[in-house]
Amino acid sequence: MKAFATLFAALDGTTKTGAKLAALTHYFQTAPEADRLWTIALLSGRRPKRSVNATELRLWAAEAAHLPLWLFEEAYAVTGDLAETIAHILPPPATASDRSLTATITFLASLTGHPPEARRAAIFAAWNELVPTERFLFNKLLTGGFRMGVSQGLMTRALATATGQDEATLAHRLMGDWSPQTTTFAALTAGAGDTGTGDTGAGSRPYPFALAAQLEGGPETLGDPADWRAEWKWDGIRGQLVHRAGAFALWSRGEELVTDRFPEFAPLADFLPQGTVVDGEILAWGSNRPLPFAQLQPRIGRKTVPKKLLTEAPARLLAYDLLEENGQDLRPLPYDTRRARLAALLADLPPTLPIALSLDVPFTDWASLSETRATSRSEMAEGIMLKRAASPYHVGRKRGDWWKWKLDPWSVDAVMIYAQSGHGRRAGLFTDFTFALRDGNDLVPFTKAYSGLTDAEFAEITRWVGKNTLERFGPVRRVTPELVFEIAFEGIQKSPRHKSGLALRFPRMARWRRDKGVDGIDTLASLHALLTATSG
Amino acid sequence: MTALLTFTDRGIYCPDGDFFIDPWRPVPRALVTHGHSDHARRGHGQYLCTHQALPVIRHRLGEITASGIAYGERRRIGGVTVSFHPAGHVPGSAQIRVERAGEVWVVSGDYKTEADGLAEAFDPVPCHAFITECTFGLPVFRWQPQAQVMAGIGAWWAANAALGRPSIIGAYSFGKAQRLMAGLTPQGPILTHGAVEDVTTILRSQGYALPETTRVTPGIDARSHPGALVIAPPSALGSVWARRFQNADEAFASGWMALRGIRRRRALGTGFTVSDHADWDGLNTAIRATGCERVFVTHGYTGPFRRWLAEQGYDAGIVETAYGDEEEETAPVAEAHP
């Protein structure tokens, strides 16, 4: 753990990209290969299975520290991080050890299935031989939530420097459902495990998704409209459909394999030729247009899908790009060329299949496109996507060729009624708020929001919460209904589960309305009117 | 009979001696534990503090009527006897002991239990009632031994110097700044911000052993002093003032750096956990060492700390004060004043 702890300290101790890159590169050149592999896995969100739950950990840590549980909870509320709290409250280690990262993970995996007493004893022993930084990392491995302030892009760059491999090739190799148990560092970075021709033959492995940047202001700065293509920006799940010899897979943007959650796509394997990769949006589909995102949501947390869901909200893939055809990587080709091939490919398919081209939104000048964009909501879209006709399919978010031009959000003014403190970087600050609207004489909670304010504003509100707490429920404070915020949101849906009868999509605080008091907030009826108007 | 010390909206008051201890509103007579601005305030009629604390207090408050007292010297004020005892917080800092007919109360002021080699080392004072700060009164706060922390800061400085870049460390200008310069192994020039240098000059002239330092003036920059350590108040980090040290690596020395969330929130890469307050073990050790039965906790995590002490068998209460924490600009505001 020492080498890994040193790497972590270096990454955590700087905000400079150059320094992070240097530390990672050094680690990827010097650490044992098995540890390098696990580090890549951790930094790309491939976590080891949890062998202990958070409740057990709290109890055990309080016990090991000889402290009452309530005091442990107070300390946890201040640090905002379970792993960190435990790392600090335990007495100093009695012995020392230097188990490698891989050995530590293997040790943790070996705990699974043992009775609590045995797991407790093993973890007590491990805590007792680690210094606080190592203990912190050990606890992070135990609890699963690992964030080290390193983006996948940065890690890939360091790996490219350390191995001398091409960065884009590496980015592609790191995609997909590998795990440290199924590959080796050499195989992963050198592509030794690949089969078939070139890089693209590698089973069901997807390509790194091209991502669009937010277009602020209008598109006038983009130049000649003739160089650009427009599509609707759908509100679904980004997906990549991969069909190769012996492999049929649907990947979500989070590199999660979601094939089994969308069984309706299975017939596509019989119709799409092998060596095809399509990028598109997965949507719940009504008779001739998308259903609200809420209809798609039940699929996300499930491994299998009940029949009812399949008939009520069948999924459809609106395809917008063709990344591979006949086993050939098309990504370097211009967008127009890829689109033409995609259209030709889809035109040959029976119309009953749940796949279709995400149609172009025709336009001649920016002004007319702006008018079209204003109608996005009635098309069940969030706005417009703009893609440069001549652009290749980039790896990740490269500014300049792909833009999302979203509609301005809706907004309401609401009053804060509950506050809860945040975690991680926001530990000790009240950042998670519940808001209410007026309904006759009552204030009815209708949404939560966590983002949109500056740290200084959060600090100010935190001091205010300290003085205006009416009641405490564990970590939650009920506060005087006094502070008014403009809540912006992207969509609104009926929700019988909520007291307000509705649910918002992407709510956040657009600004703190210091000029308004609780008398000036909006009514619940106004939101219900909006709901009726849009779901019509 | 009235209580030996009472708690008023102006501060801790001794009716029998008719004086206040570290009052936060103007009073005729104030006994002051140390020179930090939340304890030594303007506007009092008379000040009494240790001889060692006086020069900095005069520097900070200007024209005041003040007198000094030696550590351990017993002085009769009205119906009580007072004396000042080392608190180990900053040079000249004291706990104040008040005695009446064999009954002893002690006001801790701010304190730390580990000797830092500069401030007069903390000396536990037996008492019946102890009024203690608890800035870091939660068990997540455990300081490393000073030698280990200084070695860490020294290694950071050396690594920067090897790359030819200055190291700027943010530290409170009275106390922390001098503790760093005295505690670090010399390995190059030490430059100081004006606010730090003013206090350093005073302490040096009092006889505190401080290394040579150079005030940052126009013309002093990254090129003239490539491998220097620059000690500046935390507010100078990232400021226009700091820009003359191009390429400098910045760090911050504070007890709050123990919390990763706070370190990340300040977007400061490097944080060194150095505090002039007692940590969890320090607070508990100090309280036990007084042999007291009653404890009043003042600024810090008063709620949980009081409950903890009550569970340990103490008669424990909370006293609301207006004391902050000289490091408070970085404090976690949510729970610092529960």
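These numbers come from the heavy atoms of this one structure, side chains and all, not from hydrogens, waters or symmetry mates. A, B, ... follow the sequence lines: proteins, then strands. Residue 1 opens every chain.
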J.: Tell me, side chain or backbone of Ile86(A) under 4.5 Å from chain B's heavy atoms, or both, or neither?
T.: neither
J.: What I want to check is whether the side chains of Trp143(B) and Asp281(B) have a donor and an acceptor closer together than 3.5 Å.
T.: no
J.: Below 4.5 Å, heavy atoms only, C-beta onward: do Phe28(A) and Leu7(A) meet side chain to side chain?
T.: no
J.: Given that the side chain runs from C-beta out, which part of Asp249(B) has a heavy atom under 4.5 Å from chain A: side chain, backbone, both or neither?
T.: both
J.: Measure distances from Trp280(B) to the heavy atoms of chain A and classify the residue's part below 4.5 Å as side chain, backbone, both or neither.
T.: side chain
J.: Less than 6.0 Å separating the ring centroids of Trp156(B) and Phe272(B)?
T.: yes
J.: Sort Arg260(B) into side chain, backbone, both or neither according to what part of it lies under 4.5 angstrom from a heavy atom of chain A.
T.: both
J.: Which one wins on heavy-atom pair count under 4.5 Å against chain B: Phe72(A), Phe136(A), Tyr76(A)?
T.: Phe136(A)
J.: Side chain from CB out, backbone as N, CA, C, O: work out which of these in Lys467(A) comes under 4.5 Å of a heavy atom of chain B, or both, or neither.
T.: neither
J.: For the side chain to side chain donor-acceptor pair (under 3.5 Å) test, which of His277(B), Glu133(B), His36(B) pairs with His89(B)?
T.: His36(B)
J.: Under a plain distance cut-off of 3.5 Å, with no hydrogens placed, do Thr132(B) and Tyr111(B) share a side-chain donor-acceptor pair?
T.: yes
